[in-house]
There are 2 protein chains.
Amino acid sequence: MSHSCQQHKQQIEEALDIATRICEQHGARLTDVRKRVFELIWVSDQPAKAYGLLTELQKNDPSAKPPTIYRALDFLLELGLIHKLHRLNAYVRCTHPEEKKPCFFLICTNCQVVTESHDQAYKKLIAKISKSRDFKLHATTFEMEGLCQQCV
Amino acid sequence: MSHSCQQHKQQIEEALDIATRICEQHGARLTDVRKRVFELIWVSDQPAKAYGLLTELQKNDPSAKPPTIYRALDFLLELGLIHKLHRLNAYVRCTHPEEKKPCFFLICTNCQVVTESHDQAYKKLIAKISKSRDFKLHATTFEMEGLCQQCV
DNA sequence: TTAATGAATGTTATATTATAACAAAACAAA
DNA sequence: TTTGTTTTGTTATAATATAACATTCATTAA
Ligand SMILES: [Zn+2]
Ligand SMILES: [Zn+2]
Ligand SMILES: [Zn+2]
Ligand SMILES: [Zn+2]
């Protein structure tokens, strides 16, 4: 799951600062539940599943139910603080929530490691496709599954 | 749902011919259930949902159960005769099952129309990303949600 | 301060999507 | 025909997600 060394504590502190700032910018409230879910996703080494998060949440908050978690996830997704991996039905932190770059994911089916990336060519591709078809883009999913360098 | 004019009948006949050929090439058997599911997806104007297909299937085959449909879907996906839209948990026919081009989808959230496309720049992007990271690619999902030309 | 408002959460129930596990039948090929 | 393999049948359940409505909390207007 998660490490607890000093460096990691600093990293999540920083992530929370950024999340707080982004919420303020959008007039959105980073409530306790939302903050907790954000932390849980943030410290998870692997893509987090909704019901796994729920189980974690329930350790501190017995009243948590599925809607609790899905509402928090929706909120965090909306603000771009996390991403949903649609091929896995799982959630990961965004590595660059302050930049608006469209991102994509490499998913290793062997070791389960997921890498988030962005790429100028990808950004251009999206723009080109949208423009050429008069398509008003709201959201994209780009996920590549296969074997990572370690697992080939 | 589906039209029943002569032209459409010819189209699905042709699609079934192609599917049959592809199955033969892979030493795979296009059984009755599989053929029926393929037809149902093929004639559907909208992305088909698994349990919707199941309901249709059960009209002719009361013994059909969830595994019936998911096995058929897996088979058709494996051969590239259909695609799964992961953002919708729905299935659509492939418009070019004989060509191996990687494809992507434009999904209109207003009228539900889904357009399958392929694009040389997309193919190159995938190749570049995979190569630069020593990633052995097995499958990709690229789905763009927004408003189509009609709905903007 | 209090009342009104809207946002967020609590709660119950249920819908939707998908798979595990094992038995029976159909098929292929020796 | 026997044998091994693939496909299907069957039952049960797992996993993911949302609807609907009540309650609480936070913000602000009176
Ligand atoms: Zn991101
Ligand atoms: Zn790996
Ligand atoms: Zn296709
Ligand atoms: Zn549309």
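Throughout, protein chains are lettered first and strands after them, A, B, ... in sequence-line order, and every chain is numbered starting at 1.
Whole-Å rounding puts the B:Asp74 CG to C:dT17 C1' distance at 13 Å. Regarding A:Arg34, its CZ atom lies at a distance of 11 Å from the P atom of C:dG10, rounded to whole Å. At whole-Å resolution of the value, CZ in A:Phe75 and C1' in D:dT18 are 20 Å apart. Counting to the nearest Å, the P atom of D:dT7 and the CD1 atom of B:Ile69 are 16 Å from each other. Between the P atom of C:dA18 and the CZ atom of A:Arg87 lies a distance of 12 Å, rounded to the nearest Å. D:dA22 atom C1' lies 13 Å from atom NZ of A:Lys65, rounded to whole Å. With rounding to whole Å, A:Asp32 atom CG is found 12 Å from D:dC25 atom C1'. Atom CG of B:Leu53 and atom P of C:dT16 are 15 Å apart (whole Å).
Each of B:Tyr91 and B:Arg71 has a nearest nucleotide on DNA chain C; the 5'-most of these lies closest to B:Tyr91. A residue-by-residue look at B:Leu73 and A:Thr68 shows that A:Thr68 has its nearest nucleotide of DNA chain C further toward the 5' end. Mapping B:Ala28 and B:Pro66 onto DNA chain D by nearest heavy atom places B:Ala28 at the nucleotide closer to the 5' end.
Candidate nucleotides C:dT12, D:dT8, D:dT10 were compared by shortest atom distance to the side chain of B:Val33, and D:dT8 ranks first. Checked against D:dG9, D:dA17, D:dT7, the side chain of A:Tyr70 finds its nearest nucleotide in D:dA17.
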> How far apart are the C-alpha atoms of B:Arg36 and B:Glu56, what are their side-chain angles, what is the distance that settles it, and do they pass the salt bridge (charged side-chain N to carboxylate O under 4.0 Å, His left out) test?
Replying inline: CA-CA 10 Å; B:Arg36 185 82 187 104; B:Glu56 288 303 308; 5.4 Å; no
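Distances shorter than 4.0 Å separate none of the side-chain N or O atoms of B:Arg29 from OP1 or OP2 on C:dA26. For D:dA17, one of the phosphate oxygens OP1 or OP2 lies less than 4.0 angstrom from a side-chain nitrogen or oxygen of A:Lys84. For D:dA17, the OP1/OP2 oxygens have a side-chain nitrogen or oxygen of A:Asn89 closer than 4.0 Å. For B:Lys49, a side-chain nitrogen or oxygen approaches OP1 or OP2 of C:dT17 to under 4.0 Å. Close to D:dG9, at under 4.0 Å from its OP1 or OP2, lies a side-chain N or O of B:Ser63.
Between B:Asp119 and A:Lys128 there is a salt bridge, since a side-chain N of the basic residue sits under 4.0 Å from a carboxylate O of the acidic one.
Note: B:Tyr122 and B:Phe142 have tilted aromatic rings, judged against thresholds of 30 and 60 degrees for the angle between ring planes.
The base of C:dA18 sits within donor-acceptor range of the side chain of B:Tyr51, with an N or O pair under 3.5 Å.
Side-chain contact check for A:Phe38 versus A:Leu16: some heavy-atom pair is nearer than 4.5 Å. For the pair B:Glu143/B:His86, a side-chain contact is recorded, criterion being any heavy-atom separation below 4.5 Å from C-beta on.
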